[in-house]
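Predicted model only: the values in this text are computed from it and were never measured. Side chains included, hydrogens not; waters and symmetry mates left out as well; all remaining heavy atoms used.
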There are 2 protein chains.
Amino acid sequence: MRKTRQREVIREELTKLDSHPSADELYRLVRKRLPRISLGTVYRNLDVMFREGMIQRLDVGGSQMRFDGDRSDHQHIRCVRCGRIDDMEALPELTKSERDAVKGAGYRLLARRIEFLGLCPACVKKAGRH
Amino acid sequence: MRKTRQREVIREELTKLDSHPSADELYRLVRKRLPRISLGTVYRNLDVMFREGMIQRLDVGGSQMRFDGDRSDHQHIRCVRCGRIDDMEALPELTKSERDAVKGAGYRLLARRIEFLGLCPACVKKAGRH
DNA sequence: TTGATAAAAGTAACCATTACTGATAATGGT
DNA sequence: ACCATTATCAGTAATGGTTACTTTTATCAA
Ligand SMILES: [Mn+2]
Ligand SMILES: [Mn+2]
Ligand SMILES: [Zn+2]
Ligand SMILES: [Zn+2]
């Protein structure tokens, strides 16, 4: 994997963020520094960095992928009103009933995806005063 | 909401299945009984039935929506190898650490999506003998 | 320095889904 | 039963995120 300016800037901008941008959001940011970069380059590099384990690709609800420069194992909570995604540190344990259900289905469990859904602080405030 | 033959057959075929078909999979099945039905009709009716709470629409990983005639609240386990989706009865409880993390993020929790990932029995067998 | 080639920009294609456009048919009132 | 209303239909075009292709550029080991 060669070292290119484009990939460098894409990664810098992603890890700088604590939000979880989509490819086009990141594209808009990166273009401020590299105005001639193409959207395809952003997609290609996000893909290759994901495959190399350098970043996370989040397949949350909706049509767009989200990307996360934080490689640690953590969960996310998504605001159903504005789409914002925040980190959550809870590390849920596999309960006995879950293990039994997996075994009952005859599956070999590999992972468990948990996504919390709710209203972010800003949207709670807006919803509060009807 | 009018009663149409198309909607009737779509619902019948969906509830008949214990799998979790995508729109086009269902389209192929329905076409055996209604050869002139269009894919758009399948999409439209799945959407309207979902909005009316008659069926479930599953936004699992991947690009396609899945549909579920079983309206009960239950979880799913997806085979990462062949894409098969099965039901799971486990009803996971919200742990204290999860509640704390939600509160820490300032969110009002509305729901929690859990998806189990693994290898289905058939794929376990195949993977077992390399 | 240079040759091989990974990766770039630009553009077209892909694919699930949604929207649009007349035609058809379900339904409620006469 | 007939009709008027209009939800729904079949067929087709458009949408939007993503991927693939083609030609050019630039990285880097030799
Ligand atoms: Mn994160
Ligand atoms: Mn199910
Ligand atoms: Zn919000
Ligand atoms: Zn499988």
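- Taking only side-chain nitrogens and oxygens, A:Q6 comes nearer than 4.0 Å to OP1 or OP2 of C:dA9.
- A close approach under 4.0 Å does occur between a side-chain nitrogen or oxygen of B:T41 and OP1 or OP2 of D:dA10.
- Atom CD1 of B:I10 and atom C1' of D:dA10 are 13 Å apart (whole Å).
- Comparing atom distances between the B:R44 side chain and each of C:dT17, C:dA9, D:dA10 picks out D:dA10 as nearest.
- Comparing atom distances between the A:A23 side chain and each of D:dT18, D:dA10, C:dA8 picks out D:dT18 as nearest.
- With distances taken from any side-chain atom of B:L39 to the nucleotides C:dT17, C:dA9, C:dA8, the minimum falls on C:dT17.
- Residues A:V9 and A:R5 meet the side-chain proximity criterion, which asks for heavy atoms closer than 4.5 Å.
- For the helix from C:dT1-D:dA30 to C:dT30-D:dA1, the end axes, each set by the C1' atoms of five terminal pairs, are bent relative to each other by 30° (nearest 10°).
- A donor-acceptor pair under 3.5 Å links the side-chain atoms of B:D59 to the main chain of A:G62, judged by distance alone.
- To the nearest 0.5 Å, the span separating CZ on A:R108 from CZ on B:R81 amounts to 11.0 Å.
- Using a 4.0 Å cut-off between charged nitrogen and carboxylate oxygen, B:E13 and B:R33 count as a salt-bridge pair.
- Distance alone, capped at 3.5 Å, is enough to place a donor-acceptor pair between the B:R99 side chain and the B:L94 backbone.
- Remark: P of C:dT24 and CD1 of B:I37 are 17 Å apart, rounded to the nearest angstrom.
- Whole-Å rounding puts the B:R66 CZ to C:dA16 P distance at 12 Å.
- Across all strands shown, B:D24 has no heavy atoms under 4.0 Å from either base or sugar-phosphate atoms.
- If you measure from atom CG of B:L46 to atom P of C:dA16, you get 15 Å, rounded to the nearest angstrom.
- The environment of CZ in B:R36 is sparse: at most 12 heavy-atom neighbours from other residues, nucleotides or ligands sit within 6.0 Å.
- We find that CG of B:D47 is positioned 12 Å from P of D:dT8, with the value rounded to whole Å.
- Atom CG in B:N45 sits roughly 15 Å away from atom P in C:dA19 (whole-Å rounding).
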Hey, what are the protein-to-nucleotides 26-30 of chain D N/O distances that come in under 3.5 Å?
unit_1	atom_1	unit_2	atom_2	d
D:dT27	O2	A:R2	NE	3.4
D:dT27	O2	A:R2	NH1	3.0
D:dT27	O2	A:R2	NH2	3.1
D:dC28	OP1	A:K3	N	3.0

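- B:D87 and B:H76 share a donor-acceptor pair across their side chains, judged by distance under 3.5 Å alone.
- Side-chain atoms of B:Y43 lie closest to C:dT17 of the nucleotides D:dA10, D:dG17, C:dT17.
- Look at A:R66 and A:D68 and you find no salt bridge, because none of the NZ, NE, NH1 or NH2 atoms lies under 4.0 Å from a carboxylate O.
- Rounded to whole Å, the distance from CZ on B:R31 to C1' on D:dG11 is 13 Å.
- No more than 12 heavy atoms of other residues, nucleotides or ligands sit less than 6.0 Å from atom CD of B:E89.
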